[in-house]
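Here the structure is laid out as C-alpha cells; the discussion comes afterwards.
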Amino acid sequence: MTVNTSSQINPAQLNPAQLNLAQRLARPELLELQPYQSARRIGGRGDIWINANESPFNNSRLDKLNRYPECQPPELISVYSRYSGVATDSIITGRGADEAIELLIRTFCVPGVDSIACFGPTYGMYAISAKTFNVGVNALSLTDNYQLPTEIEAQVGDAKLVFICNPNNPTGTVIDRASIETVITSLPDRLVVADEAYIEFCPDYSVADLIEKYDNLVVLRTLSKAFALAGARCGFMLANPQICEMVMRVIAPYPVPLPVSELACAALSDDGIKVMREQVADMKANGARLSDALCDFGAKVLPANGNFVLAEFDDPQEAAAKLTKAGVVARTYSDPRLSNSIRFSFSNKEETDYLIEQLS
C-alpha cells in the first residue's frame, strides 16, 4: 500500500463537512504530515540498487535478506485478502494486532485530550497502550454474563476509539454480530474496533464482512493464535481505505520483516489454512476434555470460544499450588472479578492428558 500524498490537505482551509470520517477523527497535525518516504515506498526499477544504504552482500540463504522489505508486502496483503474476504486496500499488516492497537491510538487520539473506551474484564493492552501515549481510558464493565452493557452511547462518552474484544480475552465469551453492529450504528462518529484475535475458533461471530458497509468499523486480526505463528509477530488491521491511508502516515517504514512475510504467506496458503483448521479442531476437542475435567474438579467454567477456558475455583490458591507443583504454568488475574479464576490455554493431546491426570 502506498500513501497518496495528493490527498494531504491543509485543515485550516476546509470546514469539517469537507473532511471524511478518518480525517475528522485523526490528530489534526497528521492532515498536513508528509509521511516518511522510505526506499521501498518510493520504489523504482533498475539492476543496481543504491538508494537505501543497504549492504550489497547477502550473508543468508534467504534471498534478498540484505535488502529492506516492502512496507506492505503485496503478496502477504493479497493472500490475506483472499483468506479474509476483505479488499486489499482495506488491509494493513504489521507486528501483530498489538501494533495495530498502538497505531490506531497514535493516529486518532490527541495525547492529554482524547480517550478510548473498553469493556472489562478484557485484554489489558488497550488501556496500557493508551496510557503510555497519555490518552485517557474509559474503563467500562461487561455485564454479569460478559455482554456489552445497555446505553452504550452514554457510557462511552467522548471516547474516539471503542475496543470490543470478540471472543473476549480472558473470559472466552462472545458477543453476537447484531449487538456489535448496533454499537457501530449508534456511534457513527467514533471508531469501533473489533479485536478478532481468536476468531478462527468461532468464525461465525466475525464482523469483517461489514467493513465495506461501515466507515467507522476496524477489525484486528493476528496469526499468533490459530495459525501458530506467535513468535513471528504478524497481524492485520482491516478498515476502510480512508482509515488505512491515515494510519499509513504514522506506521514504521518496514513493519514486516522478510522472513515473517514468507512464513505468513505459507501459513495463508491453501495447505496452510487446511492445517490451521485441522489444528483448531484438535485444540477445541482437547479443550472440551479439559473443561469437563475442570468441572469434575469442582471449578465453574465459562463457555470456551477461543483457544482457552476460564475456570473459577472456590479455593484458587489450592488450585494454583497444585498446578505449580505439577510444573504447569497457567494464568491468574488481579482483576477483582477474576480473582478466583485461572485461565487454561488449550494444548495437544499429551499435555491435555497430563493436565487431566493432575486435576483428577
Side-chain angles (χ1 to χ4, degrees), residues 1 3 8-9 11 16 19-36 38 71-72 91-141 152 155-166 168-170 183-184 187 189-197 215-222 224 233-240 242-256 334-335:
M1 178 182 293
V3 173
Q8 294 166 10
I9 56 181
L19 304 177
N20 61 48
L21 178 65
Q23 292 168 334
R24 293 198 304 274
L25 292 179
R27 291 163 48 194
E29 61 269 24
L30 296 187
L31 300 185
E32 299 179 278
L33 177 68
Q34 175 68 41
Y36 177 69
S38 66
C71 177
Q72 294 293 288
I91 301 174
I92 291 176
T93 185
R95 305 178 189 94
D98 290 328
E99 183 179 35
I101 294 169
E102 290 201 354
L103 286 171
L104 287 167
I105 291 171
R106 287 174 54 203
T107 302
F108 296 103
C109 296
V110 178
V113 176
D114 290 326
S115 63
I116 69 164
C118 52
F119 303 89
T122 193
Y123 185 44
M125 284 307 298
Y126 310 135
I128 290 174
S129 294
K131 290 176 182 178
T132 58
F133 290 110
N134 193 25
V135 169
V137 177
N138 187 358
L140 304 171
S141 294
I152 288 266
Q155 292 199 38
V156 164
D158 58 359
K160 273 192 175 178
L161 306 177
V162 180
F163 288 91
I164 300 173
C165 190
N166 198 44
N168 187 44
N169 176 20
V183 175
I184 296 168
L187 299 171
D189 296 320
R190 328 288 173 81
L191 294 187
V192 177
V193 185
D195 185 345
E196 296 186 348
D215 288 344
N216 63 325
L217 172 62
V218 180
V219 174
L220 305 184
R221 294 281 189 85
T222 183
S224 294
R233 307 307 301 128
C234 184
F236 301 87
M237 188 197 86
L238 316 177
N240 78 69
Q242 296 167 342
I243 291 175
C244 289
E245 193 274 337
M246 199 60 64
V247 170
M248 285 295 294
R249 300 188 184 203
V250 302
I251 200 169
Y254 310 105
V256 182
S334 58
D335 187 303

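Heavy-atom basis, side chains included; hydrogens, waters and symmetry copies ignored.
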- prompt: Considering only heavy atoms from C-beta outward, does the side chain of Cys118 approach that of Val137 to under 4.5 Å?
  reply: yes
message: When you measure from the side chain of Lys160 to the backbone of Ile116, do you find a donor-acceptor pair of N or O atoms at a distance under 3.5 Å?
response: no
query: salt bridge (Lys or Arg N to Asp or Glu O under 4.0 Å): which pairs involve residues 116-138, sequence neighbours left out?
result: none
task: Examine distances only and state if a side-chain atom of Asp98 and a backbone atom of Met125 form a donor-acceptor pair shorter than 3.5 Å.
output: no
field: Met237 and Val247, any side-chain heavy atoms less than 4.5 Å apart
entry: yes
message: If you compare all heavy atoms of Leu31 against all heavy atoms of Arg249, which two are closest, and at what distance to 0.1 Å?
response: O-NH1, 3.3 Å
task: Please report the shortest heavy-atom distance between Ala239 and Cys244, naming the atom on each side.
output: O-SG, 3.5 Å
- request: Search all heavy atoms of Ala159 against all heavy atoms of Arg190 and return the closest pair with its distance.
  value: O-CD, 3.2 Å
- request: Spell out, as yes or no, whether a donor-acceptor pair under 3.5 Å connects the side chain of Arg221 to the backbone of Ala197.
  value: no
message: If I compare all heavy atoms of Ala22 with all of Gln242, which pair ends up nearest, and what's the gap?
response: CB-O, 3.5 Å
Asn240 side chain vs Asp215 backbone, donor-acceptor pair below 3.5 Å: yes
- request: State, to 0.1 Å, how close Tyr254 and Arg95 come at their nearest heavy-atom pair, and which atoms those are.
  value: O-NH2, 3.9 Å
task: Ignoring hydrogens and angles, tell me if any N or O in the side chain of Thr93 forms a donor-acceptor pair with the backbone of Gly235 under 3.5 Å.
output: yes
- request: Working to the nearest 0.5 Å, report the span between CD of Gln72 and CZ of Phe236.
  value: 9.0 Å
query: Taking all non-hydrogen atoms of both residues, which atom of Pro111 and which atom of Val135 are closest, and how far apart?
result: CA-CG2, 4.3 Å
query: Looking at Val183, Leu161, Leu140, which hits side-chain contact (heavy atoms from CB on, under 4.5 Å) with Val156?
result: Leu140
query: Among all residues two or more places apart in sequence or in another chain, which pass the side chain to side chain contact (heavy atoms under 4.5 Å, CB included) test with Asn216?
result: Leu21, Ile184, Leu191, Val192, Tyr214
